[in-house]
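The block underneath contains the structure these notes are about, expressed in C-alpha cells.
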Amino acid sequence: MGSHTGRQLLSLCELVGLDAGDCAGYARALTDALGPVVRRSLDLPPAAPTFLSDDHTPVEFSLSFSPGAAAPSLRVLFEPSSGFGTLAESSRLGLRALHGLAQRWGISTEQLDLVQDLFLPDDPRGSFALWITLELTAGGTPRMKAYLNPAAAGPDRAGATVREALDRLGHHRAYDSLPPADRLLLFALDLGDWAAPRLKVYTAHHRLRASAVGALDRMAGGPSPAETEAFLYTAAGLPAGHDGVFDRRPVLACHSFTDPAADRPSGFTLHVPVRDYAHHDREVLDRAEKLLPRYGIAPDVLRDALGALTPRRLEDGVGLIAYLAMVHQQGHDPRLTAYLSSEAYRVRPPNERPTGPRPVL
Ligand code: TRP
C-alpha cells in the first residue's frame, strides 16, 4: 500500500512544482505516519473499513486552486495507524503519529491538546478517531490539520461535544451560528503556523434540495445564494431551472471560525459528492473544467493530476474525483478544491443513468 500511495504522492508533488527534496521528505513522513499498513499487500483486503475513502484506502489527495496562483496547493489526508487494533488503540497510535509529525516540523499542537479528551477519550465511539491532513508547501515544512469525530462520545452527544470544543477554544458564539444539519460529520483544527488558523465544523445535509443550498451559508460576507446554487448545479450536472434532491449521498457544508469575538463563521465551503451524481469520471472532469475558469483558474493541472494518479481511462470508473468544493474565506479570493481518490483497492464502475439528483415535480 505504501508504495502505491507514495508513488502517487511523488507524482502529484512533481506536478505542482515542489522540489524533489521536499517531495521525498513528505513521502517519508506519510509512510512513517501511516504505520504498519504501508507494508500490507494490496492483494489482501483493506486493513480496516475506513470511511476516509470509498474503497477504504486510508489516504486521499486534494488540490486546491486559487485564482492567480502559479500552481494548486497539494494536500494529503490520511488515517494514521489505520486498521491497527481496536479504535481505542488506533486512536492512541494515531495521536502518537500526530505528535511525531508535529515534532518533526516544530508544529504546535496546543489547540488539539485543549480538546483532546472530548474527541479522543479512552473508549472512543464511532467510525474513526483521528485523521490528519498535510498541506505540502514549498520549503519542506507542511501545514497540518487534525480531523476529529464529533460522535466520539456517541452520536447523541455530537452537538454537545462540538459546542464544548468551540467554547474551550474561545469561540463562544460559534455553535449557535451553525445551520440546522442532519449530522455533524467532522471537527477540524488548523495546527501550527497559519496566518489565521481555523476551527471547522462539517455539517451533512441529507436529501438537500438543490434550490435550497443557498441557505446553508452562515458566513459574514459569504457567497450569494445564486453563486452557491450555480456551483452546485454545474457540479451535479443539473440544468438551470430544474430542481433536484440529493438523495444518494449528502451534500456537505463546512463552516470555519477564525475570530473568537465573531458571532458568525468567517468561511463557508460547499462539498458536492460528485461521484454519486455522475456517470463516470470524464463527466466529472468536464464539469470541473466548466467551473474552474469561472473562478479564474486554468483547468489543465487537474486533468494532468488524474493522469498522475492512474493510467485508467476516465470513462471506465467513477470516484477518482470524490468531491468538488467551492471555498469562501474572508480576506481571500474564492477557490475550488478537488478531492482525489487513491483507488489503491478498487475502481468503482460507472454509475447507472440517470445519475442526477432526483427530479422534483
Ligand atoms: N469519505 C468521507 C466522505 O465522503 C470523508 C471525507 C473524505 C470527506 N474526504 C472528504 C468529507 C472531503 C468532506 C470532504 O464523507
Side-chain angles (χ1 to χ4, degrees), residues 5 8 12 30 34 46 48-65 72-80 82-83 94 119 126-135 145-152 155 158 162 181-190 198-208 213 216 231-232 235-236 246-256 267-278 281 284 288 302 305 309 318-329 335-346 348 351:
T5 54
Q8 290 174 321
L12 292 173
L30 178 65
L34 277 170
T50 177
F51 91 108
L52 189 145
S53 67
D54 292 358
D55 76 339
H56 312 305
T57 309
V59 175
E60 182 185 75
F61 303 99
S62 59
L63 289 173
S64 198
F65 299 87
S73 108
L74 169 64
R75 303 98 56 92
V76 57
L77 165 71
F78 60 95
E79 182 161 87
S82 184
F119 296 101
S127 45
F128 84 106
L130 174 67
W131 293 342
I132 298 172
T133 285
L134 299 177
E135 194 166 306
K145 309 184 238 187
Y147 292 81
L148 300 160
N149 186 1
V162 168
D182 296 295
R183 185 172 166 205
L184 298 173
L185 190 70
L186 303 168
F187 182 80
L189 292 167
D190 288 346
R198 300 156 302 172
L199 313 178
K200 296 186 289 185
V201 180
Y202 288 72
T203 54
H205 304 274
H206 296 265
R207 291 170 297 282
L208 180 78
V213 69
L216 300 182
F231 178 80
L232 178 67
F246 288 80
D247 59 358
R248 279 193 290 277
R249 190 185 293 269
V251 169
L252 307 180
C254 171
H255 314 274
S256 70
F268 171 73
T269 302
L270 187 75
H271 292 277
V272 184
V274 284
R275 62 205 188 273
D276 280 281
Y277 300 95
D281 284 309
V284 177
L302 177 59
L309 285 172
V318 71
L320 189 57
I321 302 181
Y323 282 97
L324 285 174
M326 172 193 75
V327 188
H328 280 255
Q329 183 70 43
R335 57 192 167 86
L336 300 186
T337 303
Y339 291 83
L340 308 177
S341 304
S342 168
E343 296 187 341
Y345 287 107
R346 181 171 179 263
R348 171 168 160 186
N351 291 316

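Both ligands and their constituent atoms are indexed starting at 1 by order of listing. Sequential numbering from 1 along the given sequence is applied to the chain's residues. Please read these numbers as outputs of a predicted model, since none were measured by experiment.
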Fill in the blank from the handout: atom 3 (C) of ligand 1 has as its nearest protein heavy atom Y323 OH, 3.3 Å
Exercise for the section: Specify whether H271 and Y323 have parallel, tilted or perpendicular ring planes, treating 30° as the upper limit for parallel and 60° as the lower limit for perpendicular. Expected result: perpendicular
Practice task
Find out whether K200 and T269 are in side-chain contact, i.e. whether some heavy atom of one side chain is under 4.5 Å from a heavy atom of the other.
Solution key: no
Exercise for the section: Report, in ascending order of atom number, the atoms of ligand 1 lying under 4.0 Å from any heavy atom of H271. Expected result: 14 (C)
Completion exercise
atom 6 (C) of ligand 1: closest protein heavy atom, distance to 0.1 Å, is L52 O, 4.0 Å
Exercise for the section: Look only at interatomic distance and state if Y339 has a nitrogen or oxygen under 3.5 Å from any nitrogen or oxygen of ligand 1. Expected result: no
Problem - Residue and atom name of the nearest protein heavy atom (relative to atom 1 (N) of ligand 1), distance in Å to one decimal - result: F51 O, 2.6 Å
Exercise for the section: Test R335 against S64 for side chain to side chain donor-acceptor pair (under 3.5 Å), laying out the working first. Expected result: CA-CA 7 Å; R335 57 192 167 86; S64 198; 2.6 Å; yes
Practice task
With the side chain counted from C-beta on, respond yes when L270 and V251 share a heavy-atom pair under 4.5 Å apart, and no when they do not.
Solution key: yes
Problem - 4.5 Å side-chain heavy-atom contact, R249 and D54 - result: yes
Handout entry: Flag side-chain contact, heavy atom, 4.5 Å: F119 against N149
Key = no
Problem - Numbered atoms and elements of ligand 1 in range of R275, under 4.0 angstrom, heavy atoms - result: 3 (C), 4 (O)
Problem - R207 to F246 six-membered ring, cation-pi geometry met (6.0 Å, 45°) - result: no
Problem - H56 heavy atom under 4.0 Å from ligand 1 - result: no
Problem - Any N or O of E60 closer than 3.5 Å to N or O of ligand 1 - result: yes
Problem - Under 3.5 Å: N/O of L252 near N/O of ligand 1 - result: no
